[in-house]
Amino acid sequence: MAQAVHLAERGLNSTSPNPRVGCVIVKNEKVVGEGWHQRAGEAHAEVHALRLAAEQANGATAYVTLEPCSHHGRTPPCADGLIAAGVARVVVATVDPNPLVAGNGLAKLRAAGITVEVGLMASEARALNVGFFSRMECGLPYVRSKIAASLDGRTALKNGQSQWITGAEARRDGHRWRARSCAVLTGIETILADDAQLSVRAVETSRQPLRVVLDSQLRLPLTAKILIGGSVLIVTASADALKILALEKLGAQVLSLPNTAGQVDLRATFNYLASIGCNEVLVEAGRILNGALLAAELVDELVVYLAPQLLGDLARGMASVGELTELAQRVELVWQDARQVGQDLRLIATIKRGSYV
């Protein structure tokens, strides 16, 4: 199963909206077939493994990181393939949260007389597909907020200057997070300040994520770099038909999702991203949007790069959450990882639920 998880990781940047899945087929204590899902619409992990195993799959054990599918989608059901190949035993890391599967694949295998075991390395398999599980179970993508800051938690000088606080290695590592994400999201202030592109450039990738700009009043310049290369979604509260038409002529999609205050409805935005198959969303924004997303309980994880420098208390912070008057109002985190990346320190923490301001 560890090898199956490792194989699934090969699809880290390419399988969305599908989950990352690996499969290893073993017979007489020897691996006779293995495979992983490479991209949506193509063969699933089990199919690749069965092709390699050929007739040796008969009587073998298949280790799969996610429950084999039982329905006809863009590809035939993998459960049927395992049954037809004569596999005797299937070990599954975790049940598929997709309502179209959700136990049906396991039931089909058992009905065919195949021994089925579930739960081996479940946490590892789920972590690999944290966004897929979030989308299926909550109707929301898994949201990471990536922040580059000084050791005293400052993301820019008072005048807005921020390039570059962290080093080249940390910035390259940040592109890896972009590459695995289905969408990279920012606010209009970041675009106006940095003319950010939000594309993956520092690492190899077979696809570019959807780039999303929250722009309530449609202040995005028509000359902005983010409009180059397509795959851009502008979420607004404006009804400016002429500006919308101009943006659409440049290849952007414009979506109006206003809230009662005349701003972009944040939760509706992430619901929409989930509805179009976004599993993981990377937020690269300033303190105002970071604070708003935290207050709306839409952030799942923080990826923070801390540079070995101090910028002082007048510099801009990570998130504007207003004044806290009691410690009970703080946002509590759970450490997941800490390591040095180049000259900087990368900290990963998940939000402790129920701890929002």
Side-chain angles (χ1 to χ4, degrees), residues 134 138 140-163 165-166 183-194 196 198 212-220 235-238 257-273 281-307 309-336 345-357:
S134 179
C138 308
L140 290 167
Y142 189 83
V143 180
R144 291 185 181 90
S145 182
K146 181 177 76 67
I147 300 171
S150 60
L151 184 59
D152 52 350
R154 303 296 167 172
T155 60
L157 300 180
K158 185 179 180 181
N159 63 12
Q161 184 179 345
S162 62
Q163 297 181 341
I165 291 175
T166 53
V184 182
L185 181 146
T186 194
I188 184 60
E189 296 297 343
T190 297
I191 298 296
L192 294 176
D194 301 332
L198 300 186
V212 183
V213 181
L214 306 190
D215 182 8
S216 292
Q217 304 308 314
L218 284 183
R219 293 184 291 151
L220 182 70
V235 187
T236 187
S238 171
L257 289 176
N259 62 17
T260 55
Q263 300 294 317
V264 169
D265 188 317
L266 298 178
R267 184 164 292 272
T269 296
F270 286 99
N271 284 144
Y272 173 78
L273 291 176
V281 174
L282 183 68
V283 175
E284 298 189 25
R287 57 180 178 168
I288 295 176
L289 182 53
N290 280 335
L293 291 173
L294 284 168
E297 301 190 12
L298 290 168
V299 179
D300 297 290
E301 181 176 295
L302 298 179
V303 179
V304 181
Y305 297 90
L306 289 181
Q309 54 192 260
L310 302 172
L311 297 183
D313 60 351
L314 294 182
R316 300 180 182 182
M318 295 183 183
S320 296
V321 296
E323 181 185 3
L324 306 186
T325 57
E326 298 178 8
L327 285 177
Q329 297 172 314
R330 63 193 168 189
V331 178
E332 294 186 81
L333 310 174
V334 179
W335 295 120
Q336 301 296 334
L345 183 65
R346 189 188 74 186
L347 303 174
I348 299 178
T350 50
I351 306 295
K352 188 176 180 180
R353 291 306 181 194
S355 70
Y356 286 91
V357 294

> How far apart are the C-alpha atoms of Leu282 and Leu185, what are their side-chain angles, what is the distance that settles it, and do they pass the side chain to side chain contact (heavy atoms under 4.5 Å, CB included) test?
Replying inline: CA-CA 6 Å; Leu282 183 68; Leu185 181 146; over 6 Å; no

> Taking it one step at a time, do Lys352 and Val331 satisfy side chain to side chain contact (heavy atoms under 4.5 Å, CB included)?
Replying inline: CA-CA 7 Å; Lys352 188 176 180 180; Val331 178; over 6 Å; no

Report yes or no: does [X] contribute a side-chain atom to a donor-acceptor pair with the main-chain N or O of [Y] at less than 3.5 Å?
{"X": "Arg154", "Y": "Ala315", "answer": "yes"}
{"X": "Asp152", "Y": "Leu310", "answer": "no"}
{"X": "Gln263", "Y": "Asn259", "answer": "no"}
{"X": "Asp194", "Y": "Ala196", "answer": "no"}
{"X": "Thr186", "Y": "Glu284", "answer": "yes"}

> How far apart are the C-alpha atoms of Tyr305 and Ile147, what are their side-chain angles, what is the distance that settles it, and do they pass the side chain to side chain contact (heavy atoms under 4.5 Å, CB included) test?
Replying inline: CA-CA 6 Å; Tyr305 297 90; Ile147 300 171; over 6 Å; no

Any idea which heavy atoms bring [X] and [Y] closest together, and the distance?
{"X": "Glu297", "Y": "Arg267", "result": "O-NH2, 3.7 Å"}
{"X": "Ala149", "Y": "Thr155", "result": "CB-CG2, 4.1 Å"}
{"X": "Asp215", "Y": "Leu220", "result": "OD2-N, 2.9 Å"}
{"X": "Ile288", "Y": "Ser320", "result": "N-OG, 4.2 Å"}
{"X": "Thr190", "Y": "Gly286", "result": "OG1-N, 3.6 Å"}
{"X": "Leu198", "Y": "Val184", "result": "CD1-O, 3.9 Å"}

> What pairs with Ser145 under side-chain hydrogen bond (donor to acceptor under 3.5 Å, both in side chains), at least two apart in sequence or on another chain?
Replying inline: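 With neighbours one apart ignored, the set is Asn290.
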
Quick one: are [X] and [Y] in side-chain contact, heavy atoms under 4.5 Å?
{"X": "Phe270", "Y": "Val143", "result": "yes"}
{"X": "Val235", "Y": "Val213", "result": "no"}
{"X": "Leu333", "Y": "Leu302", "result": "yes"}
{"X": "Thr269", "Y": "Asn271", "result": "no"}

> Applying the side-chain hydrogen bond (donor to acceptor under 3.5 Å, both in side chains) test to Thr350, which of Glu301, Gln336, Arg144 qualifies?
Replying inline: Gln336

Calculate, to the nearest 0.5 Å, the distance between atoms [atom1] and [atom2] belonging to [X] and [Y] respectively.
{"X": "Met318", "Y": "Arg287", "atom1": "CE", "atom2": "CZ", "result": "13.5 Å"}
{"X": "Gln217", "Y": "Ile188", "atom1": "CD", "atom2": "CD1", "result": "10.5 Å"}
{"X": "Leu289", "Y": "Leu266", "atom1": "CG", "atom2": "CG", "result": "6.5 Å"}
{"X": "Lys158", "Y": "Asp313", "atom1": "NZ", "atom2": "CG", "result": "10.0 Å"}
{"X": "Ile351", "Y": "Leu294", "atom1": "CD1", "atom2": "CG", "result": "5.5 Å"}

> Under a 4.0 Å N-O cut-off, is there an ion pair linking Glu189 with Arg219?
Replying inline: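 Answer for the salt bridge query: yes.
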
> side chain to side chain contact (heavy atoms under 4.5 Å, CB included) between Trp335 and Leu347: does it pass, once the steps are laid out?
Replying inline: CA-CA 8 Å; Trp335 295 120; Leu347 303 174; 3.9 Å; yes

>> Tell me every residue that passes side-chain contact (heavy atoms from CB on, under 4.5 Å) with Ala307, counting only those two or more places apart in sequence or in another chain.
In response: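 So Ala307 forms a side-chain contact (heavy atoms from CB on, under 4.5 Å) with Ile165, Thr166, Gln309, Asp344.
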
> Ala193: what forms a side-chain contact (heavy atoms from CB on, under 4.5 Å) with it, not counting sequence neighbours?
Replying inline: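 For Ala193 there are no side-chain contact (heavy atoms from CB on, under 4.5 Å) partners, ignoring immediate neighbours.
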
